[in-house]
Amino acid sequence: MSDLLAQLNPQQVAAVTLPPQHALILAGAGSGKTRVLTTRIAWLISTGQASPHAVLAVTFTNKAAKEMLTRLSAMLPLQFGAARGLWVGTFHGLCNRMLRLHHREAALPAAFPILDMADQLSAIKRLLKNLGVDDEKFPPRELAYFINAHKEQGIRAAQAEGYDDYTQRRIELYAEYEAQCQREGVADFAELLLRCYELLSRNEPLRRHYQARFCHILVDEFQDTNALQYRWLKLLAGVDVPAPGASLFAVGDDDQSIYAFRGAEVGNMRAFEREFRVENVIRLEQNYRSFGNILDAANALIQHNQARLGKNLWTDAGAGEPIRVFAGFSDLDEAHYVVDEARALIREGTPPRQIALLYRSNAQSRVLEHQLFTAGVPYRVHGGLRFFDRQEVKHALAYLRLIVNPDDDTAFVRVVNFPARGIGSRSFEALQGAAHRANSSLYNAAAGLPGKAGVAVGNFIRLIEALRAETQGVSLPEVIEHLIERSGLRAHYLGEKEGRERLENLDELVSAATRFLQEEDDTLVNPAEGDALSAFLAHASLEAGEHQAGEGQDAVQLMTVHAAKGLEFDAVFITGLEQGLFPHENSELERDGLEEERRLMYVAITRARQRLYLTHAQTRLLHGQTRYCLPSRFIEELPEALLQPVGHAAAPATYGNPYASGASAGRQESAGGAERAAPEAPGGFRIGQNVHHAKFGAGVIVSAEGHGADARVQVNFGKQGMKWLALAYAKLTAV
DNA sequence: CGCCTATCCTTTTTT
DNA sequence: AGGATAGGCG
């Protein structure tokens, strides 16, 4: 047990061995956060202070949960090896589990399906159609966002407030949506949390049961919790009714809060300190990941933020290399440099997988991918379509859902005519009308449907019935295998020219089911709850499936900065460091948007172990238009002593118009292809021209519109942001 | 019913 | 530009 602590520094030991009271661990990037969390659990259990049964550990991603379990099973002595009874999972996973255990009390069917985002969207579309609501006026996507945002605040339609007609109407639709979900016995992601919260808050015996059981609650990435998640934790920890021993151990880093845009509230950390009367705040500031220069840069950058709890990373690893800064003439030029440099690193012995190319938005990956592909460098792009989101997989799962629960309208709609079986929009509308009138599920209404539609739909119903009968008592992978054949899915994709990959994915789904059963068998997470079918369906909804092509391959890693959180690499390139891109221009519209962007940059910088590159381009093709860009203010916020300009030998500190000088134009040609004249802007100005404004200072003309007296130009003023100026009024001078 | 074109919309994303 | 999706036409 003492060897658990042997390799920890004093702060880490202090955190791990805190008495069971509420505690806040401010864990900086690379300070061994996950390690502290897992060691804490292992320590509690192996010292006999807690039975595994009493531990609840919450993470944000399945990946993190899995990682924690893996590390735990390595740490715990054999007698705890199985760690049975330990609850480790995501907020959604844990809520799902409670809801299934107490589905009756939660007013849900035993095998309630979980709607993922796509399902939710189609459920909303169906609702709007049924109600005859104009989906132009109420875009389903926007409505979904509205509903989810309310649920994440813990607000039901009945409690929602709206002060204008439009909001009022949306609240009515929210209520209708709630009713539809309840009728169909389904729950979307946000519903899992809200329903579970309501279950615990309304059902006192149940609440007391869990409060008494979970004496130790541990939360990872606490800065990413939203309002509802925080309230859920409060309820479970029983802050208002302190049960003896119940303690909340929260680990987080306010400087790495990058999910405010989807409802995360950093303020929860302060609220936690206050409302839980936290006496133990421990800072983990020693960084084991990066060299000094990288940390100095990160520290200097984040100090520009006002709202911080305060923390400073340090290392005893030495300064290391300077941070390389590269200015490209164009995005292509930038990509060229990045790929050349990556190749050089690989040649010198850096494993490709230890090189990360980061960017602010996904659209930026294209140029990089192209260069990598041309250069023949293996690479892997993270993000993108997830396994369980693929249409062929969703189709197969929809059949599975119908076997489990025929009243699942979402699943019904998806496959009633897929593969095509003669049920067109006509027949379907007839069915929908019948179901609406009878206030029943589509499946139920199908029985009495007259005419040609009735025959076709009847055939479909018989197919599902047959499937259910034939798969009675058959193992899960075999059920799936059988349904792929019987439904005609395989035949359909066999006949499709792009169908081969889809067929492979269907086979992979069978393997996924097999793996699921195996894991469930010896896992710590899921002691048999309900039947395998619905458990697998929940798994498919909650776990997107990180199965991606080329996973095992040693390749350069491409991803957004968001996706890079929690990872580390020997060499990191932060690309597209330009005003308007990173920080993103849309962040100006958001409250504290710039500070969140800066935290994002902080996350990006702290991913690097040895070498860090910051690159930007003067010209970038965006939305099919050339944009003229100034270097990101985040570069200027770093101490110059840490930076080393590289590339194009004499890259100037302040960047001129690439079209203005002959030398640049020549390079432009070689990098970007055909030479073009700079596009005209009205009033004698040119796009890309450097200008000066009395109030905003130096800027670059980015685009223009209108003629004569109406002429306006868009100017990028760097720190001052992007402005539209009417040439007739603005006092612009050419520089 | 299915294929084709027109139109829309592009920050980040997990569950 | 580019891709995804929706609606219209054959």
Side-chain angles (χ1 to χ4, degrees), chain A residues 58-65 89-96 114-122 125 135-136 139-142 145 148 151-152 187-194 196 221 224-226 228-229 257-264 331 358-367 370 382-386 388-389 391 417-428 456 492 495-496 538-546 559-566 576 580-590 593 596-597 599-601 603-604 620-627:
Chain A
V58 196
T59 63
F60 268 85
T61 62
N62 291 303
K63 203 169 144 196
T90 62
F91 279 103
H92 292 85
L94 296 165
C95 287
N96 173 52
I114 299 169
L115 304 187
D116 65 18
M117 255 174 3
D119 293 335
Q120 185 186 30
L121 207 59
S122 73
K125 284 179 188 164
D135 60 359
E136 298 263 293
R141 275 186 67 106
E142 199 271 340
Y145 181 83
N148 291 338
K151 287 192 180 183
E152 278 160 16
D188 59 44
F189 284 140
E191 185 70 27
L192 292 176
L193 290 174
L194 183 50
C196 184
E221 307 277 17
D224 287 335
T225 51
N226 65 31
L228 183 56
Q229 287 161 341
S257 152
I258 55 174
Y259 286 113
F261 73 91
R262 63 172 200 217
D331 47 353
L358 308 184
Y359 34 81
R360 174 66 239 264
S361 59
N362 278 311
Q364 291 165 248
S365 75
R366 177 181 306 276
V367 206
H370 181 77
H382 292 247
L385 203 54
R386 291 150 216 290
F388 287 116
D389 281 343
Q391 70 151 30
N417 195 36
F418 193 96
R421 48 176 72 89
I423 303 169
S425 49
R426 263 261 168 65
S427 310
F428 183 70
H492 174 87
E496 204 176 61
H539 168 82
S541 301
L542 291 172
E543 167 119 46
E546 258 291 290
M559 65 191 90
T560 64
V561 180
H562 281 92
K565 188 173 163 200
L581 199 60
F582 195 3
H584 199 279
E585 54 202 347
N586 293 5
S587 70
E588 289 172 39
L589 306 171
E590 279 153 45
E596 176 142 321
E597 294 286 308
R599 289 192 292 270
L600 200 51
M601 180 68 180
V603 168
R620 185 172 295 276
L621 214 54
L622 210 62
H623 310 321
Q625 277 195 321
T626 307
R627 285 247 298 224

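A note on names: the letters A, B, ... follow the listed sequences, proteins ahead of strands, and every chain is numbered from 1. Side chains included, hydrogens not; waters and symmetry mates left out as well; all remaining heavy atoms used.
Atom CZ of A/Arg627 is separated from atom C1' of C/dA1 by 14 Å (rounded to the nearest Å). Per the geometry, NZ belonging to A/Lys125 stands 13 Å off C1' belonging to C/dG7, to the nearest Å. Atom CD of A/Gln625 is separated from atom P of B/dC9 by 17 Å (rounded to the nearest Å). Regarding A/Gln364, its CD atom lies at a distance of 13 Å from the C1' atom of B/dT10, rounded to whole Å. The separation between A/His623 atom NE2 and B/dT10 atom C1' is 6 Å, rounded to whole Å. Straight-line distance from the CG atom of A/Leu542 to the C1' atom of B/dT13: 16 Å, rounded to whole Å. Between the CG atom of A/Asn148 and the P atom of B/dT14 there is a distance of 15 Å, given to the nearest Å. Rounded to whole Å, the distance from CD on A/Glu142 to P on B/dC9 is 12 Å.
Within the 4.0 angstrom heavy-atom criterion, no nucleotide atom of any strand lies near A/Asn96. Backbone-only contact: A/Asn362 has heavy atoms under 4.0 Å from sugar-phosphate atoms and none from a base. Note on A/Leu358: nothing from the nucleic acid sits closer than 4.0 angstrom, heavy atoms only. No contact: A/Asp224 has no heavy atom under 4.0 Å from any strand. Note on A/Lys565: nothing from the nucleic acid sits closer than 4.0 angstrom, heavy atoms only.
No side-chain heavy atom of A/Leu228 sits under 4.5 Å from any side-chain heavy atom of A/Phe91.
Of the listed nucleotides (C/dG2, B/dT13, B/dT15), B/dT13 has the atom at the smallest distance from the side chain of A/Ala563.
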Test log, rule side-chain contact (heavy atoms from CB on, under 4.5 Å), inputs A/Phe582 and A/Leu600: CA-CA 9 Å; A/Phe582 195 3; A/Leu600 200 51; 4.2 Å; yes

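Residue A/Phe60 and nucleotide B/dT14 are not classified as a stacked aromatic pair, given the requirement of ring centres less than 5.5 Å apart at an interplanar angle below 30°. Lacking a ring centre under 5.5 Å from that of the base six-membered ring together with a plane angle below 30°, A/His562 does not count as stacked on B/dT12.
Ring orientation note: the planes of A/Phe189 and A/His92 are nearly perpendicular, at an angle over 60° on the 30°/60° scale.
Residue A/Arg421 is the one, among A/Met117 and A/Arg421, whose nearest nucleotide of DNA chain B lies closer to the 5' end (criterion: closest heavy atom). Between A/Phe189 and A/Glu590, the one whose closest nucleotide on DNA chain B sits nearer the 5' end is A/Glu590.
For A/Gln364 (side chain) and A/Ser361 (main-chain N/O), a donor-acceptor pair under 3.5 Å exists by modelled atom type. No donor-acceptor pair under 3.5 Å is formed between the side chain of A/Asp135 and the backbone N or O of A/Pro140.
For the pair A/Asn586 and B/dT12, the criterion of a side-chain N or O lying under 4.0 Å from OP1 or OP2 is not met. Between B/dT11 and A/Arg262, no contact under 4.0 Å exists linking OP1 or OP2 to a side-chain N or O. Phosphate contact (OP1/OP2 of B/dT10, side-chain N/O of A/Ser361, threshold under 4.0 Å): absent. For the pair A/Lys63 and B/dT14, the criterion of a side-chain N or O lying under 4.0 Å from OP1 or OP2 is not met.
For the P atoms, the distance linking B/dT12 with C/dT5 amounts to 16 Å, nearest Å.
A/His584 and A/Phe261 have their aromatic ring centers separated by at least 6.0 angstrom.
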